[in-house]
J.: 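Take this structure, written in structure tokens, and hold onto it; I'll ask about it next.
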Amino acid sequence: MRLLPEPAAAALHGDGWGMAVLFRGGGPAAGVLAHGVGARSDLPIPLFYAYAGAFAALVVSFLALGLLWADSRFRGDRAGRLIPLRLPARPARVLGLLVALYTLGWLVAGPAEPNAGPYLVYVLFWVGLVPASLLFGPVWRAVSPFRLLPDRPRRPLPSRLGYWPAAAGLLAFTWMELVAPEPSAPVTLLVFLALYGAAQLTGTLVYGHAWLERGDPFEVYSTLIGHLSPLGRRANGDRVLRSPFDGLDAIEPAPGLVVTVCVLLGGTAYDGFSTTPAWVGALQSGPLGRTGLGTLGLLAAVAGVAVLYAACLGVAGLIGGARGLTARFAHSLVPIATGYLIAHYFSLLVIEGRHGILMALGLDAKADPNAIEPATIATVQVLAIVIGHVVGVVAAHDRSVRLLPPARAVAGQIPLFVLMVCYTIGGLTLLL
């Protein structure tokens with residue numbers, strides 16, 4: 001986030017709920033409420049060094065892979081060492097149900113201000129799912145109260161649906177967080193949660209738990225990130241200890257998968273862009289109003305990410321003499337999206353997460369904006385983006401040498417490398 005003038009910040013987020021603490025050169029100042037509950041940006045790293053380091057990491061990894069990695073090494077769902085321990089799922093899901101009801105209780109009956117409900121949804125749930133899934137795999141699948149419903153499908157889930165319902169749900173949540181007029185208002189969250197709950201109940205009653213695997217936006221979100229966890233889960237339900245690269249390789253192409261990941265990428269891109277002075281001015285004075293223009297901006301960000309990806313994959317297919325590559329390389333976008341999520345929300349989780357927990361317990365406490373040094377946050381943010389892109393390069397390379405003819409495998413990756421460079425430059429630019 002960039003530091004905005006206080007009048008612009010106040011005009012953009014007139015609800016006044018929460019405080020974003022921003023830094024420029026280490027000095028705190030009041031800023032803009034860019035998320036549902038708050039934001040923070042601390043990047044004392046010079047732009048040139050961030051770009052140079054990221055570009056060097058991508059170039060070195062690309063050249064090293066081209067020279068030393070001639071055959072596919074990842075085995076996807078076949079890889080991993082079986083973990084014999086099986087934990088009962090029902091207690092965790094009952095606990096998940098109790099936490100969900102507690103959150104609803106805050107939103108329905110809690111005070112207008114301060115209310116712990118938005119913190120529980122936006123920070124501890126949405127942002128907290130990222131590190132939890134990275135460490136333990138698909139966490140939401142393990143604790144989702146919707147999986148307490150019986151798995152008795154009335155009809156099979158149509159394969160053409162794929163991840164499209166999840167993509168729509170993630171886009172709706174992102175819109176609520178970044179565009180809605182009052183994202184932290186309890187009524188806003190209650191309307192969304194009511195629609196979300198109704199969709200999951202209906203889908204589960206009709207299609208069984210197969211719906212949750214593809215139609216629950218938060219289970220899909222957690223599961224995709226969970227493929228990067230060393231604690232993996234095979235398609236048959238077995239838990240295994242495996243390389244995150246094998247976990248990524250286990251992601252099966254399906255309709256809507258590319259759009260789902262592009263929603264995550266485009267949402268974080270719009271998040272970074274939405275606080276630039278030019279865009280704030282446009283939101284204030286545009287004829288469509290803040291909500292209308294913000295909606296178009298969010299859709300344009302998602303579309304831009306998707307078009308760039310599709311164009312680069314199309315060129316890669318022409319060079320490599322292959323078709324239908326778009327869905328097969330979608331797994332390489334998952335670590336990039338995860339890196340963006342960590343970069344944008346790390347400080348929000350650490351600072352506002354503690355605040356939200358104490359508030360939910362009924363304790364009087366305020367968020368400490370100085371809980372983490374700006375340099376620490378800057379390092380985590382830049383490393384998250386760079387590492388995410390390097391992991392994406394490795395995943396894409398292994399898939400390339402598997403799908404493309406050997407004589408064209410390296411050349412066919414050049415458009416993918418260009419894609420990674422564009423995403424990296426864009427991500428760092430919006431971050432810095």
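Every heavy atom of this structure was used, including side-chain atoms; hydrogens, water molecules and symmetry mates were not.
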J.: Pair V261, V334 - check side-chain contact (heavy atoms from CB on, under 4.5 Å), show working.
T.: CA-CA 7 Å; V261 184; V334 173; 4.3 Å; yes
J.: How far does CZ of R73 sit from CG of D246, to the nearest 0.5 angstrom?
T.: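 Rounded to the nearest 0.5 Å, the CZ-CG separation comes to 12.0 Å.
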J.: Drop me the distance from L283's CG to T276's OG1, to the nearest 0.5 angstrom.
T.: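 Reported to 0.5 Å precision, the distance equals 8.5 Å.
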J.: Between L107 and L193, is a side-chain contact (heavy atoms from CB on, under 4.5 Å) present by the stated rule, with each step listed?
T.: CA-CA 11 Å; L107 294 173; L193 292 175; 3.7 Å; yes
J.: Looking at every non-hydrogen atom in both residues, tell me the closest pair between A327 and L257 and how far apart they are.
T.: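 Of all heavy-atom pairs spanning A327 and L257, the closest is O-CD2, 4.5 Å.
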J.: Hey, is OH on Y102 packed in by over 12 heavy atoms from elsewhere, all under 6.0 Å?
T.: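 Check passes, neighbour count above 12.
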J.: Any sub-3.5 Å donor-acceptor pair from Q413's side-chain atoms to A409's backbone N or O?
T.: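 Checked: pair present.
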J.: With ring pair (Phe, Tyr, Trp, His ring centres under 6.0 Å) as the criterion, how do Y196 and F146 come out once you've worked through the C-alpha distance, each side chain's angles and the decisive distance to 0.1 Å?
T.: CA-CA 11 Å; Y196 162 70; F146 296 108; 5.5 Å; yes
J.: Nearest 0.5 Å please: distance from the CG atom of L228 over to the CG atom of L248.
T.: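 The CG atom of L228 sits 4.5 Å away from the CG atom of L248.
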J.: Which atom names give the shortest non-hydrogen contact between A343 and A384, and what distance separates them?
T.: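 For A343 versus A384, the nearest heavy atoms are N-CB, 4.1 Å.
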J.: So, for S184 and L189, which heavy atoms are closest and what is the spacing to 0.1 Å?
T.: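 Nearest heavy atoms, S184 then L189: O-CD1, 4.5 Å.
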J.: Check whether R234 reaches the backbone of G80 with its side chain - one donor and one acceptor, N or O, closer than 3.5 Å.
T.: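 Yes; at least one donor-acceptor contact below 3.5 Å.
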J.: Find the distance between CG (D238) and CG (L82) and round it off to the nearest 0.5 Å.
T.: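 The CG atom of D238 sits 5.0 Å away from the CG atom of L82.
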J.: Parallel, tilted or perpendicular: which one describes the rings of W140 and F218, with boundaries at 30° and 60°?
T.: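 Ring orientation, 0 to 90° scale: perpendicular.
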J.: Aromatic ring centroids of W106 and Y119 under 6.0 Å?
T.: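 Ring centres of Y119 and W106 not closer than 6.0 Å.
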J.: Hey, are the side chains of L134 and S229 touching, using non-hydrogen atoms and a 4.5 Å cut-off?
T.: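 In short, these two side chains do not touch, never coming nearer than 4.5 Å.
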J.: Applying side-chain hydrogen bond (donor to acceptor under 3.5 Å, both in side chains) to H344 and T268, what does each step give before you reach the verdict?
T.: CA-CA 7 Å; H344 280 269; T268 51; 5.1 Å; no
J.: Can you check whether P186 reaches N115 side chain to side chain, under 4.5 Å on heavy atoms?
T.: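 Yes, their side chains come closer than 4.5 Å.
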J.: Step by step, would you call W175 with Y270 a side-chain hydrogen bond (donor to acceptor under 3.5 Å, both in side chains)?
T.: CA-CA 10 Å; W175 181 89; Y270 178 76; over 6 Å; no
J.: With the side chain counted from C-beta on, respond yes when R233 and R141 share a heavy-atom pair under 4.5 Å apart, and no when they do not.
T.: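 A side-chain contact exists here, since the closest heavy-atom pair is under 4.5 Å.
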J.: To the closest 0.5 Å, what do you measure between OG (S243) and CZ (F74)?
T.: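 The CZ atom of F74 is 6.0 Å from OG of S243, to the nearest 0.5 Å.
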J.: Could you tell me the separation between the CG atom of L124 and the CG atom of L349, rounded to the nearest 0.5 Å?
T.: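 Result: 7.0 Å between the selected atoms.
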J.: Y345 and L341: side-chain contact (heavy atoms from CB on, under 4.5 Å), yes or no, with the steps?
T.: CA-CA 6 Å; Y345 299 135; L341 289 166; 3.7 Å; yes
J.: Under the criterion side-chain contact (heavy atoms from CB on, under 4.5 Å), I'd like the reasoning laid out for S133 against Y221: C-alpha separation, chi angles, the key distance, then a yes or no.
T.: CA-CA 9 Å; S133 301; Y221 169 69; over 6 Å; no
J.: Under the 3.5 angstrom rule, does the side chain of T376 hit a backbone N or O of I372 as a donor-acceptor pair?
T.: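 Here the side-chain-to-backbone pair does not exist.
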J.: Would you name the heavy atoms of A79 and R242 that are closest together and state the gap between them?
T.: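 So the two residues come closest at O-CD, 4.2 Å.
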J.: State whether the number of non-hydrogen atoms from other residues, nucleotides or ligands found under 6.0 Å of R93 atom CZ is greater than 12.
T.: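 Enclosed: over 12 neighbouring heavy atoms sit under 6.0 Å from CZ of R93.
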J.: Return each pair, listed once, that meets ring-ring contact (aromatic ring centres under 6.0 Å, His included) where at least one residue sits in residues 399-427; pairs must be two or more places apart or across chains.
T.: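 Of all non-adjacent pairs touching residues 399-427, those that pass ring-ring contact (aromatic ring centres under 6.0 Å, His included) are F62-F417.
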J.: D71 and D398: which non-hydrogen atoms are nearest, and at how many Å?
T.: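 Answer, listing the atom of D71 first, then D398: O-OD1, 4.2 Å.
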J.: D249 pairs by side chain to side chain donor-acceptor pair (under 3.5 Å) with which of H227, R75, R402?
T.: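 Answer after filtering H227, R75, R402: R402.
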J.: Can you check whether R239 reaches L231 side chain to side chain, under 4.5 Å on heavy atoms?
T.: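 A side-chain contact under 4.5 Å is absent here.
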J.: Within a strict 4.5 Å, meaning less than it, do heavy atoms of the P91 and L95 side chains meet?
T.: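 A side-chain contact is absent here, since even the closest heavy-atom pair is not under 4.5 Å.
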J.: Can you find a heavy atom in the side chain of P183 that is under 4.5 Å from one in the side chain of T188?
T.: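 Contact flag for P183/T188 side chains = no.
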J.: Is the NZ or CZ atom of R214 both under 6.0 Å from the centre of the six-membered ring of W211 and within 45° of that ring's axis?
T.: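 Not satisfied by the 6.0 Å and 45° rule.
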J.: Using only atom types and a distance under 3.5 Å, with no angle test, would you say the side chain of H389 pairs donor to acceptor with the backbone of I336?
T.: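 Not confirmed, H389 side chain does not pair with I336 backbone.
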J.: Minimum heavy-atom separation for V127 to L348, with atom names?
T.: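 Minimum heavy-atom separation between V127 and L348: CG2-CD2, 4.2 Å.
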J.: Taking the side chain as every heavy atom from C-beta outward, state whether S332 and L416 have any pair of such atoms under 4.5 Å apart.
T.: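 No, side chains not in contact.
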J.: Could you walk me through whether D271 and Y340 pass the side-chain hydrogen bond (donor to acceptor under 3.5 Å, both in side chains) test, one step at a time?
T.: CA-CA 10 Å; D271 179 12; Y340 281 178; over 6 Å; no
J.: Tell me whether the centres of the aromatic rings in F173 and W126 are closer together than 6.0 Å.
T.: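 That pair passes the under 6.0 Å test.
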J.: Counting C-beta onward and ignoring hydrogens, is there a side-chain heavy-atom pair between Q381 and I385 closer than 4.5 Å?
T.: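 Of all side-chain heavy-atom pairs linking I385 with Q381, none is under 4.5 Å.
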